[in-house]
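These notes concern the structure reproduced below.
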There are 2 protein chains.
Amino acid sequence: MELRQKHFRKRDAVLECLRGTDTHPSAEWVYAQLKRSYPDISLGTVYRNLAFFKEQGTIVSLGTVKGVERFDGNTAPHVHFICTECGRVLDLMQMKVPEELSEAASSYSGGHAESCQLSFTGLCGDCCKTVSETGE
Amino acid sequence: MELRQKHFRKRDAVLECLRGTDTHPSAEWVYAQLKRSYPDISLGTVYRNLAFFKEQGTIVSLGTVKGVERFDGNTAPHVHFICTECGRVLDLMQMKVPEELSEAASSYSGGHAESCQLSFTGLCGDCCKTVSETGE
DNA sequence: TTCGTGGATGTGAATGATTCTTATTGACAC
DNA sequence: GTGTCAATAAGAATCATTCACATCCACGAA
């Protein structure tokens, strides 16, 4: 078991890294983090394993923000706030996503809805402040 | 005015093209359409003008589907259904997006929400059918 | 032990969407 | 006509992501 662990060390590390942050990171960010503990890790491995976990449903993609894909290790349905200025993504865990919406979406679309994403875009608190201080 | 029209012909054509469809097209699709009426139009022009209108708020980006950005000429807030199989994007105009959500998002996030996107992903009717017929 | 197998990885090249650069054009004011 | 300024075409450049391929490692069979 210890030995097996070793073989999957990097795959596991990708998942741990994602679960250990609430920054909804990009592949590049994960790569930079893991580089410290695993100096020989490659970007390809990070992409490969993110795709693997996404496929498994173990993690979730938030779509792209400013051209790069962002991931979330928290698969519980929750709402996101995306800052259009700095690209930060915040969780709004307090906001409820009505349960029955998916069924409504399925029936309206004639297909089968598997997941639902609710997100808001705008300026985060920090960027609001910066804008009001510098006048844009 | 006629003359001025001519100068902006392609910019306007990009907007018209987007407004004349409900397929939520990509830049490439718009380019292919316009190529018929404007054989010398360039992809760069399409990208440039999509970015221009997006900046103005005249059109809206849906984010990327299967790696390519998709646009919507319909800026009225409405719900989308995105097929993960064929990439089709359907409007669910019948579904309501509660008005007060944006304010809640602003207060929870400490920032200022400017827009809200609610979308469902899954299999559209056609793809459901295909899957059940072919057994995947 | 020694092989063989199969999954995980590193490397670097390839891909593909998007953006940038440069030269050109058209509309308008003088 | 000349100058200016925005819009454009063409193609090069960029950048995130994927792919191809050789290698490595754990495990199991001989």
Side-chain angles (χ1 to χ4, degrees), chain A residues 1-18 23-56 58-71 82 84 87 89, chain B residues 1-18 23-56 58-71 82 84 87 89:
Chain A
M1 185 50 78
E2 242 309 299
L3 295 173
R4 184 165 183 81
Q5 280 293 330
K6 186 183 176 195
H7 195 196
F8 288 88
R9 201 175 352 213
K10 286 167 186 166
R11 168 163 297 178
D12 292 341
V14 166
L15 185 55
E16 274 167 30
C17 176
L18 207 58
T23 60
H24 312 84
S26 63
E28 202 77 42
W29 188 92
V30 172
Y31 173 68
Q33 294 306 110
L34 295 183
K35 195 79 179 175
R36 299 192 226 156
S37 315
Y38 307 86
D40 67 340
I41 197 173
S42 77
L43 192 51
T45 295
V46 174
Y47 273 108
R48 195 182 309 125
N49 287 318
L50 287 172
F52 171 83
F53 287 124
K54 188 167 96 175
E55 178 82 12
Q56 305 288 303
T58 311
I59 68 173
V60 133
S61 167
L62 301 184
T64 63
V65 178
K66 290 172 180 286
V68 331
E69 186 166 17
R70 303 283 287 268
F71 299 88
I82 303 169
T84 52
V89 178
Chain B
M1 185 50 79
E2 240 311 301
L3 295 174
R4 184 163 185 81
Q5 278 294 329
K6 186 181 175 197
H7 195 195
F8 288 88
R9 202 173 353 209
K10 286 169 187 166
R11 169 164 296 179
D12 292 341
V14 167
L15 186 55
E16 276 166 29
C17 176
L18 207 58
T23 60
H24 313 83
S26 63
E28 202 79 40
W29 189 92
V30 172
Y31 173 67
Q33 295 306 111
L34 296 183
K35 195 80 179 173
R36 299 192 225 156
S37 315
Y38 306 86
D40 66 339
I41 198 172
S42 78
L43 191 51
T45 296
V46 174
Y47 272 108
R48 193 184 318 116
N49 287 318
L50 286 173
F52 172 83
F53 288 124
K54 188 167 95 174
E55 177 83 12
Q56 307 288 304
T58 312
I59 69 173
V60 131
S61 167
L62 302 185
T64 63
V65 178
K66 291 173 179 286
V68 331
E69 187 166 15
R70 303 283 288 268
F71 299 89
I82 302 171
T84 50
V89 178

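All values below were derived from every heavy atom in this structure, side-chain atoms included, with hydrogens, water molecules and symmetry-related copies excluded. Below, chains carry the letters A, B, ... as their sequence lines are ordered, and counting in each starts from 1.
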* Asked: Taking CD from A/Glu69 and P from C/dT18, how many angstroms apart are they, rounded to a whole number?
  -> 14 Å

* Under a 4.5 Å cut-off applied to non-hydrogen side-chain atoms, are A/Val68 and A/Glu28 in contact? -> no

* Which residues, if any, of residues 40-52 of chain B bring a heavy atom under 4.0 Å of DNA chain D? -> B/Asp40, B/Ile41, B/Ser42, B/Thr45, B/Arg48, B/Asn49

* **side-chain contact (heavy atoms from CB on, under 4.5 Å) evaluation trace for A/Val14 with A/Leu18** => CA-CA 6 Å; A/Val14 166; A/Leu18 207 58; 5.7 Å; no

* Value in whole Å for how far the C1' atom of C/dT18 lies from OH of B/Tyr31 -> 14 Å

* Asked: Roughly how many Å is it from OH in B/Tyr38 to C1' in D/dA7, rounded to a whole number?
  -> 14 Å

* Identify, with sequence neighbours excluded, every residue that meets side chain to side chain contact (heavy atoms under 4.5 Å, CB included) alongside A/Gln56. => A/Phe52, A/Thr58

* Asked: Just checking A/Glu28: base, sugar-phosphate only, or nothing, at a heavy-atom cut-off of under 4.0 Å?
  -> nothing

* Contact list for residues 23-49 of chain B, test ring pair (Phe, Tyr, Trp, His ring centres under 6.0 Å), sequence neighbours left out -> B/His24-B/His80

* Using atom NZ of A/Lys10 as one end and atom C1' of D/dA26 as the other, report the distance to the nearest whole Å. => 15 Å

* Asked: Could you state the CZ-P distance from B/Arg9 to C/dT25, rounded to the nearest angstrom?
  -> 17 Å

* Any side-chain heavy-atom pair of B/Gln33 and B/Val46 under 4.5 Å -> no

* Start with the C-alpha distance between A/Leu62 and A/Val60, add both sets of side-chain angles, then the distance that settles side-chain contact (heavy atoms from CB on, under 4.5 Å), and finish with yes or no. => CA-CA 6 Å; A/Leu62 301 184; A/Val60 133; 4.2 Å; yes

* Asked: Rounding to a whole Å, what distance do you find between B/Arg11:CZ and C/dG26:P?
  -> 17 Å

* **Under 4.0 angstrom between B/Lys66 side-chain N/O and C/dA17 OP1 or OP2** => no

